[in-house]
A.B. asks: 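The structure under discussion is supplied below as structure tokens; questions concerning it will follow.
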Amino acid sequence: MPGALHQGVLALFRDDPWLAFDLLGISPLRRGPARHGCGAVDALDPDLERRQLLPDLVLVAEGEPGLVVTVEAQSRTNGRKRWRIPHYQAALADEHQRDTWVVVVSFSPSVSRQLASWARTGRPRFEALVLDCGNVPVGYDRERARARPSAAVLGAALHACRGDIEAARWGLGIVAGLPVERRMRDATTILAAVSKSMRITLVQEFPFAPDDDRLMEIERRSGTYHLGHDEGRQAVLRDMVLAILEVRGLEPSAVERERVLAEEDLDRLQRWSVRARTVPSVAALFCDD
């Protein structure tokens with residue numbers, strides 16, 4: 001699963017810890033102080049092998065009765081999860097002495113089928129709340145979606161992952177009305193769920209949307225950018241500015257292109273790389289300089 005999609009899904013649950021319960025109509029858990037005071041503990045162990053033994057996200061609701069929710073996001077089947085998920089549940093229940101629930105967000109029909117088959121077999125008992133295209137709706141009225149943006153973004157991402165560009169358009173339309181910081185994060189989550197060709201189309205339609213894979217690939221190819229060498233970073237930023245304009249359908253003139261390629265001031269190039277995502281024209285890129 002793309003990192004942006006995975007992290008974006010977990011962020012939705014940090015914002016709305018009761019998301020799975022409400023989508024599945026499990027209302028008795030929304031009672032008393034347990035509705036408040038949720039905190040998130042991420043698995044940040046630098047040892048990758050040990051991190052594989054930890055849940056993606058743990059949410060703890062304090063108070064009485066209190067509860068613990070662990071969240072997993074999967075796009076591929078993984079047989080080891082059959083044994084790890086019951087372990088997460090038991091270990092967290094022992095640690096916190098509270099009802100403990102497992103939520104799995106499934107981005108693949110094969111993952112959903114695998115989870116369902118585990119629920120019917122052997123011990124330890126496999127219990128999980130599964131969220132997928134079958135039970136997370138998309139395309140409903142905008143007022144309701146804006147009141148619960150985490151549910152709207154999750155639905156858009158799940159359906160967009162199956163190739164439904166209209167679901168992605170609907171989700172980005174909802175995201176457009178959110179505060180700017182969340183807007184960029186949630187737009188990234190939806191765009192990470194679609195194919196590259198769909199992403200380019202959507203970035204052109206929604207000018208607030210973040211970069212596509214071509215821009216990230218530019219950064220990945222540049223070792224000097226990551227090492228912090230100014231000359232290398234300048235070259236990457238020049239390419240990024242021109243690539244963002246291209247993705248958005250803004251074609252610079254020969255003079256404008258040359259101005260970008262000749263620029264050596266690192267701070268100015270960084271400003272342009274950010275501004276290129278939202279300016280209405282190439283000329284506007286240079287308006288404050």
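Bear in mind that the values here come from a model prediction, so they are computed numbers and not experimental data. The first residue of the sequence shown is numbered 1, and numbering continues consecutively from there. Hydrogens, waters and symmetry mates are skipped; everything else that's a heavy atom, side chains included, is used.
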A.B. asks: With a 4.5 Å heavy-atom cut-off, do Thr77 and Ser108 have their side chains touching?
C.D. replies: no
A.B. asks: After noting the C-alpha distance and the side-chain angles of Leu191 and Leu172, does the key distance pass the side chain to side chain contact (heavy atoms under 4.5 Å, CB included) rule?
C.D. replies: CA-CA 9 Å; Leu191 291 172; Leu172 290 171; 4.1 Å; yes
A.B. asks: Find the distance between CG (Leu158) and OG (Ser75) and round it off to the nearest 0.5 Å.
C.D. replies: 11.5 Å
A.B. asks: Rounded to the nearest 0.5 Å, what separation is found between the CZ atom of Arg169 and the OG1 atom of Thr201?
C.D. replies: 7.0 Å
A.B. asks: Tell me if a side-chain donor or acceptor on Glu72 pairs with a main-chain N or O of Asp56 at a distance below 3.5 Å.
C.D. replies: yes
A.B. asks: Taking Trp272 for the side chain and Arg238 for the main chain, is one N or O donor matched with an acceptor at less than 3.5 Å?
C.D. replies: no
A.B. asks: Checking side-chain polar atoms at under 3.5 Å, does Asp132 have a donor or acceptor matched by the opposite partner on Ser112?
C.D. replies: yes
A.B. asks: Let me confirm one number: the OG1-CZ distance from Thr188 to Arg183, rounded to the nearest 0.5 Å.
C.D. replies: 12.0 Å
A.B. asks: Does Ile190 share a hydrophobic cluster with Leu131, counting links as ILVMFWY side-chain heavy atoms below 4.5 Å and allowing steps through other members?
C.D. replies: yes
A.B. asks: Looking only at non-hydrogen atoms, find the nearest pair between Asn78 and Trp118 and report the distance.
C.D. replies: O-CH2, 3.2 Å
A.B. asks: Does Leu59 belong to the same Ile/Leu/Val/Met/Phe/Trp/Tyr cluster as Leu19, with side-chain heavy atoms less than 4.5 Å apart forming each link?
C.D. replies: yes
A.B. asks: Do the side chains of Leu261 and Val279 join up, straight or via other hydrophobic residues, at under 4.5 Å, putting them in one cluster?
C.D. replies: yes
A.B. asks: Would you say that Phe286 contacts Val260 through its side chain, given a criterion of any heavy-atom pair below 4.5 Å between the two side chains?
C.D. replies: yes
A.B. asks: According to a 4.5 Å side-chain heavy-atom criterion applied to Ile, Leu, Val, Met, Phe, Trp and Tyr, with indirect links allowed, do Val138 and Leu154 form part of one hydrophobic cluster?
C.D. replies: no
A.B. asks: Just how far is it from atom CZ of Arg271 to atom CD of Glu263, taken to the nearest 0.5 Å?
C.D. replies: 8.5 Å
A.B. asks: Run the salt-bridge test on Glu251 and Arg257 with the 4.0 Å N-O cut-off and return the result as yes or no.
C.D. replies: yes
A.B. asks: Measuring only between side-chain heavy atoms, which start at C-beta, is Trp83 closer than 4.5 Å to Pro124?
C.D. replies: yes
A.B. asks: Answer yes if Met184 and Val274 sit in the same cluster of Ile, Leu, Val, Met, Phe, Trp and Tyr residues linked by side chain heavy atoms under 4.5 Å apart, and no otherwise.
C.D. replies: no
A.B. asks: Once rounded to the nearest 0.5 Å, what's the spacing between atom CD of Gln74 and atom OG of Ser110?
C.D. replies: 9.5 Å
A.B. asks: Would Ser106 and Arg113 count as having a side-chain donor-acceptor pair, cut-off 3.5 Å?
C.D. replies: no
A.B. asks: So how far is it from Gln114 CD to Arg82 CZ, rounded to the nearest 0.5 Å?
C.D. replies: 10.5 Å
A.B. asks: Got a salt bridge between Arg259 and Glu256, using NZ or NE/NH1/NH2 to carboxylate O under 4.0 Å?
C.D. replies: no
A.B. asks: Can Val58 and Glu95 be said to form a side chain to side chain contact (heavy atoms under 4.5 Å, CB included), step by step?
C.D. replies: CA-CA 12 Å; Val58 177; Glu95 178 181 354; over 6 Å; no
A.B. asks: Does the side chain of Thr189 reach to within under 4.5 Å of the side chain of Leu5, using non-hydrogen atoms?
C.D. replies: yes
